[in-house]
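Input: a single structure, listed below in structure tokens.
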Amino acid sequence: MPTLYINDREVTVPDGVNLLQACELAGEEIPRFCYHDRLSVAGNCRMCLVEMIDARGRPAPKPIASCHMPAQDGVKVYTDSELVRKARRGVMEFLLINHPLDCPICDQGGECDLQDQAMAYGFDRSRYEENKRAVPEKEMGPLIKTVMTRCIHCTRCIRFAAEVAGVEEIGALGRGEEMEITTLERAVESELSGNLVDICPVGALTSRPYTFSARPWELRKTPSIDVMDATGANIRVDSRGREVMRVLPRLHEDINEEWIHDKTRHACDGLRRQRLDRPFVRNAKGRLEAASWDEAFKAIAARTAATRPERMGAIAGDLCDAESMLALKDLMTGLGSPNLDCRQDGAKLDPGVRAGYLFNTTIAGIEDADACLIVGSNPRREAAMINARLRKRFLQGGFRVGVIGEQADLTFQTEYLGAGPDTLAEVAAGRNSFADVLREAERPMIIVGQGALVRPDGSAVLATCREIAETFGMVGESWNGFNVLHTAAARVAGLDMGFVPGPGGRDATAMLTAAESGELDVLYLLGADELDAERLRKPFVIYQGHHGDEGAHAADVVLPGAAYTEKNATYVNTEGRVQLGRLAVNPPGDAREDWAILRALSAYAGPQALPYDNLGQVRQKLIAANPIFAAVDHVAPAQWGAFGTPGTMDSAPFASAISNFYMTDPISRNSETMARCTEAFLRKHNTATGTHA
């Protein structure tokens, strides 16, 4: 560990850091534009210049770029000398030579690195009298607005696209003053393209959907959790009044680092459209009409009172929070019904063994693996942040990835092994060449997607994957390489609390079959929209949710709930990490938090009211149901055991659980931005390949 002197103060820093990082560790601020902790070093902007004297006492002939220079023993560094201040003023003057005076109309205004550093380190006048350079705008798709005259050629966007996103679609043409950043007039086809706006230090790349919407100082900033997939990315919800204006990433090294995918960032405009803001009851003519809460609750109570418990059921959807599922489970238990399930897609997951439905390696733990087998999953669509972590591990070297299922570009090199269970059985039996890779690896891992588990033979597939994990040493004292990749933010919390069929109860698939045949009289849908509404014509359907989607259209009673930005709620991500979402805006109209609706309904329809009156009491009951909910932002290792049911697997190929990344839930389906992305990317791709959207 080298020891050096920063502003005459002795500092010891870790091996391998550069002078910029060493100065930051010592508490000294170093301005920069091109340098980024998660990208390769470019050394373009020269803003990080410092004065250096080597270990022999010889001063460097000129200020050096601290991002390029490794920290060495005995070196003396000065970050605020007169030489450094003069150099930084000169660099800033050059950077602003061609920069337009756009601050009053630039969306980056108020959170712009160029503004901040010009104030802190810049010069108060310019000696440049020639005409400024003008650069035409570039096409980067429906999410990114470009004003390339503002570009300072830091190349962060190029490096992010190539290194993190894995799509080499942005580059530079020309040299010197003629250099331009371009995509050759193509949209950036990446699920992570919105992060280009965050890393741009000036206003050259801004958010197209957010253009001219608000200023940062007008917004209330609320830390929360994303529910667009099961990764549980940490986000910040920026709101003005009762409207969510934008969603930005929050730093969490173990989950999403400092990135989020485009659906998380831009689907928030769907929160404003087709919202349920009052209760509805279907009248004698078969039409839904507005009603009061009292009328809606009485209609439900009258129907449940006349129905036997075994002919009632409840299904929880993909965006539900833990508190609402607990309240619905308690209500159904009070009514005596064992028919409830949180697996609306019919995934054959075993709730009895927690290790059998978690991403046990953890997201950060991917970086410790040295081989990976992906079964029935396309992580680029299903969990873009996990795919980015897999790519990050691949770029470090010594990481081979085999894929069984659909062929797809995962942004890193993979070995395609086969399409379905036949190949999976070959790997389990050691007859496939990739079995040797897993056998020789020190920390191999397997990722099982929902596409492999929603099939009728999903339980047998799960058992085979468990066999592979045990055969090839994926499970040990310090390493668990067995991983289930969920697509639903509500799934793990539902399994943890036991929102699954009780003794003699029906699961989601059996409930839908019973509803279609008339054997189920009452079905409660808690935000469950990924269902075939045509199968729900016979039973009395109660839908509680926040959008008028499939479930609401099939319902006899509609209860307006709150979206994820409108409530304080608990979620558990795919690795089993408990996290808390925060209320950013109030629900529209008469909509209420979901657990509160169920608590009020229980006074009408239950044998007695549910035993909690505030959120704190609900969470105490949640912890009593499973102590795992008390450990917020902590991943507890799950105990290994037997799960899945060995049996014959169908030879039909695995299919990805998600066909359209941009529309997977009621919020994204009502988003105009996601509709534009679907039009720009998915339909263009289908036209090129001759398939249908």
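For the pair Lys263 and Phe661, the cation sits on the ring face: its NZ or CZ lies under 6.0 Å from the ring centre, inside 45° of the axis. Cation-pi geometry between Arg466 and Phe643 is satisfied (NZ or CZ under 6.0 Å from the ring centre, within 45° of the ring normal).
Here the side chains of Val484 and Thr574 are not in contact, with every heavy-atom distance at 4.5 Å or above. Residues Tyr524 and Leu559 are in side-chain contact: their nearest non-hydrogen atoms beyond the backbone lie under 4.5 Å apart.
Atom CG of residue Asn378 and atom CD of residue Gln407 lie 11.5 Å apart, to the nearest 0.5 angstrom. Remark: Phe359 CZ to Thr231 OG1 distance equals 9.0 Å, nearest 0.5 Å.
For the pairing with Pro560, the side chain to side chain contact (heavy atoms under 4.5 Å, CB included) check across Pro279, Pro588, Pro587 returns one residue only, Pro279.
Using a 4.0 Å cut-off between charged nitrogen and carboxylate oxygen, Arg599 and Glu593 do not count as a salt-bridge pair.
Here the closest heavy-atom approach between residue Arg343 and residue Pro351 is recorded as NH1-CD, 4.0 Å.
Using cut-offs of 30° and 60° on the angle between ring planes, the pair Trp293 and Phe297 is tilted.
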Go through Tyr357 and Asn483 one step at a time and tell me if the side-chain hydrogen bond (donor to acceptor under 3.5 Å, both in side chains) criterion holds. CA-CA 7 Å; Tyr357 60 81; Asn483 303 289; over 6 Å; no
Verdict with supporting geometry, Arg619 and Glu323, salt bridge (Lys or Arg N to Asp or Glu O under 4.0 Å): CA-CA 7 Å; Arg619 287 180 171 167; Glu323 289 86 354; 2.9 Å; yes
